[in-house]
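Basis for what follows: all heavy atoms, side chains included, without hydrogens, waters or symmetry-related copies. Atoms within each ligand, like the ligands themselves, are counted from 1 in listed order.
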Amino acid sequence: MATLKDRIEEVRKAFEEAAPQAGDAKSVEELRTAFLGRKRGRIMLLFEELKSAPAEEKREAGRLVNELKVAVVDRLQALENGALMAVRPAREIDLTLPGRQRYVGRPHPLTLFQEEIERIFLSMGFAIEEGPEIETDYYNFEALNFPPHHPARDKWDTLFIKGDLLLRTHTSPVQVRVMERTKPPIRIICPGRVFRRETPDPTHLPMFLQVEGLVVDQGVTFANLKGTLEHFLRALFGEKVKVRFRPSYFPFTEPSAEVDIECLVCSGRDPDCRVCGGTGWKEILGSGMVDPQVLKNVNIDPEKYSGWAFGLGVDRTAMFAFGIPEMRYFYENDLRFLRQFGAK
Ligand code: FA5
């Protein structure tokens, strides 16, 4: 009596004989039904038989049926592809059609802008430093002269993580970290991401980029600060840009100043401008002479050394450089917007 193994071999031979006859899609489908059809397909019947086969035959026969099934499925797929090609004659392939366009990525506009800022400061002899985005209360506040419960902390409301860990609200903590490990002369910028509890609007975001600047040496004055920042802003926006320094307050600088740039979105002509509120000016950075107490906190002698620092909002400044009325565009990932920047 023929064993299950013999019947598997029989089915394999029958398939091999029938396969070369299947020349079109219809006959390939008939072949599939004859061998793989769920109810009466010959291979499926072999699987049924397998269930009641004696244990000593089962293992070997099971392997053979499975191998046969895989081979039949592959062959049917190849026959089907051949049949499809046969109904699509070569002359229907239009070689003159343009190829599919591949999207090539490019740097984000804020990355390009930050690199431009870095280039200007590197050319003035500054070095680039970085610090952690998750900071301690000490570096973000206390070392910068914000004692606990000081009302100035309210301006920099943030997300606390655990214990005294928080998302840094500005890049100024990097100043402290650098001054702790480096002795003057120091001339650095620190670009990075910062976080605040903020309701988004055209000029405010809860997460944005800043570039911090710090110079510490003997005989450093406010005039150096003003000259450097004016040179930087002219290099960035062109010689004619209007800039103004306004007295301000930061716990870690004394005296302090904020720097405004003329509103390059409405040029002061739109009383309802959502960017400048009709004033014609918009603040882009805070700055000042490093407070002597901050120098003492990092063991730099304020009698011998002085310094200045600034913190520039990259997103807000980029908004003017690119002439766009809305900072949120930078984070919406709309390719129609993003593709307008960088290499074409
Ligand atoms: C500061 O963050 C200080 N650390 C700056 C500083 C550094 C002063 C060193 C003195 C010495 P301020 O909160 O003003 O300051 O922020 C600085 C700049 O960040 C602003 O001028 C603005 O351009 C940008 N900025 C502030 N808040 C936002 C916000 N919510 N969204 C986008 N940009 C912002």
Closest heavy-atom pair and its distance - A22, L31: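 So the minimum-distance heavy-atom pair works out to CB-CD2, 4.2 Å.
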Gap separating the CD atom of E135 from the CG atom of L165, nearest 0.5 angstrom: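 That separation rounds to 9.0 Å.
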Atom-level proximity to ligand 1, residues with heavy atom under 4.0 Å: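 For ligand 1, the residues that come within the 4.0 Å heavy-atom cutoff are W156, H170, S172, Q175, R196, E198, T203, H204, L205, F208, Q210, E212, F250, F252, T253, E258, E283, I284, L285, G286, S287, A309, F310, G311, G313, R316, M327.
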Pairs under 3.5 angstrom only: tabulate donor-acceptor contacts from the side chains of residues 301-314 to other protein residues two or more places apart or in another chain.
unit_1	atom_1	unit_2	atom_2	d
D301	OD1	E303	N	2.8
S306	OG	V220	N	3.1
S306	OG	V220	O	2.8

Test ring-ring contact (aromatic ring centres under 6.0 Å, His included) applied to F320 - qualifying residues, sequence neighbours left out: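 Listed in chain order: nothing, the list is empty.
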List, one per line, each side-chain donor-acceptor pair under 3.5 Å for residues 224-232, sequence neighbours excluded.
unit_1	atom_1	unit_2	atom_2	d
N224	OD1	T221	N	2.8
N224	OD1	T221	OG1	3.4
T228	OG1	N224	O	2.6

Whether F15 and F35 hold their rings parallel, tilted or perpendicular, with breakpoints at 30° and 60°: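 Aromatic pair F15/F35 classed perpendicular.
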